Amino acid sequence: MNTIFVGDIHLKSRAILPLIDQIIESYNVNRVIFLGDYTDFPGQEHNIQLYVKDLVYLSEWKENALKNNIEVINLIGNHDIYYYLGTKAEFSIKDEDVFWAIGDFLEELSLQVAYQLDDIIISHAGYNQYFNPEPWHFKPLTLENSKALEQLANTIGPLRGGTSKGGSPVWADYNELISQPNKNITKQIVGHTPTKCIDISKNIISVDTFAVDNQLRLFGNGDVLYYNKYNKFQVISTNWKSKKNTSKS
């Protein structure tokens, strides 16, 4: 199947998904894999309208994609996991009712920790030497996974301000994957750590190209990773850094 990988969205569905629609049509895409972090945006913890509009847009987009026989895989990110568990983080929305509503919404997305495509392991942040993929990681999450998810949420490495030796598959920084590699996995695709562009020459490919920097300027170039039915990677450019999006940043 022709597959594309979409990095962290962070409440930018209305800007990102129209670009994904163009790629789906132009490249006959059959599968879309989202690498998590659908929620939260710097400084918008009180902006209920933004959360509602963007997550509803994402939900309707997925529903339409499924109707058009496009497989949609939603992985869970470090921002999403706290809503799913019902435990607020410092970056979560402050409104109590909306917080719980977002948790319910994420359950409807059928989130999972990881996905395997051929010999490639895909997850939000990646697997370093301290974590190996487990069978439940590749299945839609249920309440039975709550304690194991809490471990993932609480395992944060020093590069992300935590006290663990290295982050979990929802928290590992890219440099923690490089410096503490998982020797059991030959190829990974990850989000989480912002990248300016996609480098397919590496064994660990980061696709978080829709990120913004601390001054809310567009950081990545909006490239999207494409994997065709012949098992070949291709980087697809978008007009993410158009004047329209730049003016919104």
Side-chain angles (χ1 to χ4, degrees), residues 6-21 32-68 70-115 122-125 136-156 160 168-171 191-192 194 208 210-212 216 245 248-249:
V6 183
D8 307 23
I9 289 180
H10 286 301
L11 301 178
K12 299 189 293 295
S13 293
R14 290 172 292 168
I16 295 171
L17 294 182
L19 303 177
I20 300 305
D21 285 332
V32 180
I33 301 177
F34 291 96
L35 277 84
D37 275 4
Y38 314 98
T39 58
D40 302 334
F41 188 87
Q44 300 300 310
E45 296 84 3
H46 297 279
N47 192 343
I48 295 174
Q49 188 178 45
L50 173 62
Y51 279 79
V52 172
K53 284 186 176 181
D54 207 77
L55 295 179
V56 168
Y57 187 95
L58 173 62
S59 177
E60 292 177 347
W61 183 92
K62 179 173 181 177
E63 182 179 354
N64 186 63
L66 294 175
K67 287 180 180 177
N68 287 287
I70 297 171
E71 182 181 5
V72 181
I73 305 297
N74 291 99
L75 304 183
I76 192 168
N78 60 301
H79 282 256
D80 314 312
I81 199 168
Y82 297 98
Y83 292 98
Y84 191 91
L85 291 171
T87 305
K88 283 189 177 182
E90 61 180 353
F91 41 69
S92 303
I93 194 168
K94 304 308 178 188
D95 185 275
E96 191 78 18
D97 291 335
V98 176
F99 174 83
W100 288 104
I102 291 172
D104 293 338
F105 162 81
L106 291 175
E107 284 190 33
E108 295 178 2
L109 285 182
S110 297
L111 300 176
Q112 55 194 74
V113 174
Y115 187 85
I122 305 110
S123 65
H124 175 65
W136 69 272
H137 291 181
F138 300 100
K139 300 176 182 179
L141 297 171
T142 69
L143 292 177
E144 295 178 357
N145 306 130
S146 294
K147 287 197 173 182
L149 282 173
E150 287 178 7
Q151 181 189 12
L152 299 188
N154 294 328
T155 306
I156 306 171
R160 293 292 176 136
S168 74
V170 299
W171 264 114
H192 187 57
D208 186 11
F210 296 113
V212 298
L216 303 186
N245 285 334
K248 291 181 180 180
S249 64

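All values below were derived from every heavy atom in this structure, side-chain atoms included, with hydrogens, water molecules and symmetry-related copies excluded. Everything quoted here is computed from the prediction, not taken from an experiment.
Counting heavy atoms from C-beta on, the side chains of Leu17 and Phe34 come closer than 4.5 Å. At least one side-chain heavy atom of Asn74 sits less than 4.5 Å from a side-chain heavy atom of Tyr38. In this structure, Thr39 and Phe105 have side chains that are not in contact, with every pair of non-hydrogen atoms separated by 4.5 Å or more. With contacts defined as side-chain heavy-atom distances shorter than 4.5 Å, the pair Leu35/Asp208 does not qualify. Within the 4.5 Å cutoff, side-chain heavy atoms of Val113 are placed close to those of Leu149. Side-chain contact between Leu66 and Lys62 is present, with at least one heavy-atom pair separated by less than 4.5 Å.
The side-chain contact (heavy atoms from CB on, under 4.5 Å) search around Glu144 returns Thr142, not counting sequence neighbours. Listed by chain and number, the residues in a side-chain contact (heavy atoms from CB on, under 4.5 Å) with Glu150 are Leu85, Asn154 (sequence neighbours excluded). Applying the side-chain contact (heavy atoms from CB on, under 4.5 Å) criterion to Leu50, with sequence neighbours excluded, gives Leu11, Arg14, Gln44, Asn47.
Between the side chain of Asp37 and the main chain of His10, no donor-acceptor pair closer than 3.5 Å is present. A side-chain donor-acceptor contact under 3.5 Å links Asp8 to the backbone of His192. When atom types are taken as modelled, the side chain of Asp80 and the backbone of Gly36 share no donor-acceptor pair closer than 3.5 angstrom. Checking side-chain atoms of Tyr82 against main-chain N and O of Ala153 turns up a donor-acceptor pair under 3.5 Å. For the pair His124 (side chain) and Trp171 (backbone), a donor-acceptor distance under 3.5 Å is absent.
Taken to the nearest 0.5 Å, the CD1 atom of Ile16 stands 5.0 Å off from the CZ atom of Phe210. For the atom pair Ile73 CD1 and Ile122 CD1, the distance stands at 9.5 Å (nearest 0.5 Å). In this structure, the separation between CG on Asp21 and CG on Asn68 is 9.5 Å, given to the nearest 0.5 Å. Distance check, rounded to the nearest 0.5 Å: NZ of Lys12 to CZ of Phe41 gives 5.5 Å. Note that the CZ atom of Phe138 and the CG atom of Leu75 stand 10.0 Å from one another [nearest 0.5 Å]. Taking CG from Leu106 and CD1 from Ile76, the interatomic distance works out to 7.0 Å, rounded to the nearest 0.5 Å.
The side-chain contact (heavy atoms from CB on, under 4.5 Å) test with Leu152 singles out one residue from Val170, Asn145, Asn78, and that residue is Val170.
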Practice item. Start with the C-alpha distance between Glu60 and Val56, add both sets of side-chain angles, then the distance that settles side-chain contact (heavy atoms from CB on, under 4.5 Å), and finish with yes or no. Key: CA-CA 6 Å; Glu60 292 177 347; Val56 168; 3.6 Å; yes

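Counting heavy atoms of neighbouring residues, nucleotides and ligands inside a 6.0 Å radius, atom NZ of Lys53 does not exceed 12 of them. Lys94 NZ: more than 12 foreign heavy atoms inside a 6.0 Å radius.
Between Trp136 and Ala148, the closest heavy-atom pair is CZ2-CB, 3.3 Å. Minimum interatomic distance between Asp40 and Ile93 (heavy atoms only, all atoms of both residues): OD1-N, 4.0 Å. Between Arg160 and Pro194, the shortest heavy-atom contact is NH2-CD, 4.3 Å. Looking at every heavy atom in both residues, Ser123 comes nearest to Pro169 through OG-O, 4.0 Å.
Checking Asp104 against Tyr83 by side-chain atom types alone, no donor-acceptor pair falls below 3.5 Å. Looking only at atom types and distance, the side chain of Asp95 has no donor-acceptor partner in the side chain of Tyr51 under 3.5 Å away.
Remark: Lys88 is positioned above the aromatic ring of Phe99, its terminal NZ or CZ atom under 6.0 angstrom from the ring centre and at most 45 degrees off the axis.
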